**Q** 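Let me begin by handing over the structure; questions about it come next.
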Amino acid sequence: MAQRRSLAVPCRAPVLAISFLACVATGLELSVNNHAADFTLSTALVPAISLSCLVHNSSQAEELVWYRGDGQVGLKDGNKVNISNICISPLNESDNGVTFTCRLARDKSVQVSVILDVQFPPLLSGEETLQVEEGKDVTLTCNSKANPQAQSTWYKDNQILTLQQSRHKVYQTSEVFQLSISEVQKSDNGTYTCTVQSSLGNGTRDFYLIVEDKKPIFPTEAVIAALVVVTLTIFFGIAARIDKIFKVW
């Protein structure tokens, strides 16, 4: 048995070598939308886009597979051999940055990937009305999604907000634009507007900040303790005189 195994290795090696040389000789490769290498596809928010994968220099029927990220895309039987098309519909902002890859089924190292660059104007969201007690801290969060990345500005009552270094802090990422106000005052009461500007358009969202009166500090625990003491005093006082009360009645 050991002798048969040793003889099997040199027998298989030429077969693999021949297959490799045949692949190199024929120049088997794939292309997606006429791109033979990985590329980025820039597009606006159109209703749909299509990707077409084609096998080149093939001497036989080759099966293709598509992936969206790490997940395989389901294909119909007539859309797998030598040429395969997929349609992305509806196209939305969540498709931005997603990678689609076409691969050869029998050799997944033969592949072409496309990264979607979906461009769209600013989309804003966030809690509109905030109520905060005077003297407390508050944060207004404007969720902003845009591609290309947009510039953001805060307004108060239709005027550009003058930031006070000791009280205002602004935090911004590609999808979040925040304004934090420490120890809010009555003068902070009003309408704050998150304005986002990009080359594809502008977006605004209003936030209504209501500063409530500062609540008086009430010694709740002390009052409860006092009520308990008074209640127990009355109870034991009545208990001590229960005989006299019954005699009167």
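Being a predicted model, the structure only gives us computed values, none of them experimental. All values below were derived from every heavy atom in this structure, side-chain atoms included, with hydrogens, water molecules and symmetry-related copies excluded.
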**Q** List for me each residue that meets salt bridge (charged side-chain N to carboxylate O under 4.0 Å, His left out) alongside E29, sequence neighbours excluded, and say none if there are none.
**A** none
**Q** Taking salt bridge (charged side-chain N to carboxylate O under 4.0 Å, His left out) as the definition, give me every residue that meets it alongside K80, ordered by chain and number, with sequence neighbours left out.
**A**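 So K80 forms a salt bridge (charged side-chain N to carboxylate O under 4.0 Å, His left out) with D77.
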**Q** What pair of heavy atoms forms the shortest contact from S94 to V98, and how long is it?
**A** O-CG2, 3.7 Å
**Q** According to salt bridge (charged side-chain N to carboxylate O under 4.0 Å, His left out), who are the partners of E133, at least two apart in sequence or on a separate chain?
**A**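 E133 satisfies salt bridge (charged side-chain N to carboxylate O under 4.0 Å, His left out) with K136 once adjacent residues are dropped.
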**Q** side-chain contact (heavy atoms from CB on, under 4.5 Å) for V176 and C142? Distances and angles first, verdict last.
**A** CA-CA 6 Å; V176 174; C142 180; over 6 Å; no
**Q** Listed by chain and number, what are the salt bridge (charged side-chain N to carboxylate O under 4.0 Å, His left out) partners of K76, not counting sequence neighbours?
**A** none
**Q** Going by the side chain to side chain donor-acceptor pair (under 3.5 Å) test, which pairs reach into residues 195-205, not counting sequence neighbours?
**A** E128-R205
**Q** By ring-ring contact (aromatic ring centres under 6.0 Å, His included), which residues pair with Y155, not counting sequence neighbours?
**A**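 By the ring-ring contact (aromatic ring centres under 6.0 Å, His included) rule, Y155 matches no residue at all.
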**Q** Side-chain polar contacts of residues 64-71 - donor-acceptor pairs under 3.5 angstrom, sequence neighbours left out - could you list them?
**A**
from : atom 1 : to  : atom 2 : distance (Å)
W66  : NE1    : S84 : OG     : 3.1
R68  : NH1    : D95 : OD1    : 3.2
R68  : NH2    : D95 : OD1    : 3.2

**Q** Please tabulate, for the side chains in residues 110-122, all donor-acceptor contacts under 3.5 angstrom to protein atoms that are two or more places apart in sequence or on a different chain.
**A**
from : atom 1 : to   : atom 2 : distance (Å)
Q111 : OE1    : R103 : NE     : 2.7
S113 : OG     : T101 : OG1    : 2.8
D117 : OD1    : N147 : ND2    : 2.9
D117 : OD2    : S42  : OG     : 2.9
D117 : OD2    : Q119 : NE2    : 3.4

**Q** What distance do I86 atom CD1 and L51 atom CG have between them, rounded to the nearest 0.5 Å?
**A**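 The CD1 atom of I86 sits 4.5 Å away from the CG atom of L51.
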**Q** Output every pair passing salt bridge (Lys or Arg N to Asp or Glu O under 4.0 Å) with a member in residues 150-173, not counting sequence neighbours, ordered by first then second residue.
**A**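 Residue pairs with at least one partner in residues 150-173: R167-D188.
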**Q** Tell me every residue that passes side chain to side chain donor-acceptor pair (under 3.5 Å) with T43, counting only those two or more places apart in sequence or in another chain.
**A** none
**Q** Holding to ring-ring contact (aromatic ring centres under 6.0 Å, His included), I want the full list of residues that pass it with H35, two or more places apart in sequence or in another chain.
**A**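 With sequence neighbours excluded, H35 shows a ring-ring contact (aromatic ring centres under 6.0 Å, His included) to F39, given in chain and number order.
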**Q** Locate the shortest heavy-atom distance separating N33 from S50; write the atom from each residue and the value.
**A**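 Heavy atoms of N33 and S50 come nearest at ND2-O, 3.4 Å.
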**Q** Using a side-chain heavy atom cutoff under 4.5 Å and only I, L, V, M, F, W and Y, what cluster partners does V132 have?
**A**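 Other cluster members: L130, V138, L140, W154, L161, L163, V170, F177, L179, I181, V184, Y192, F207, L209, V211.
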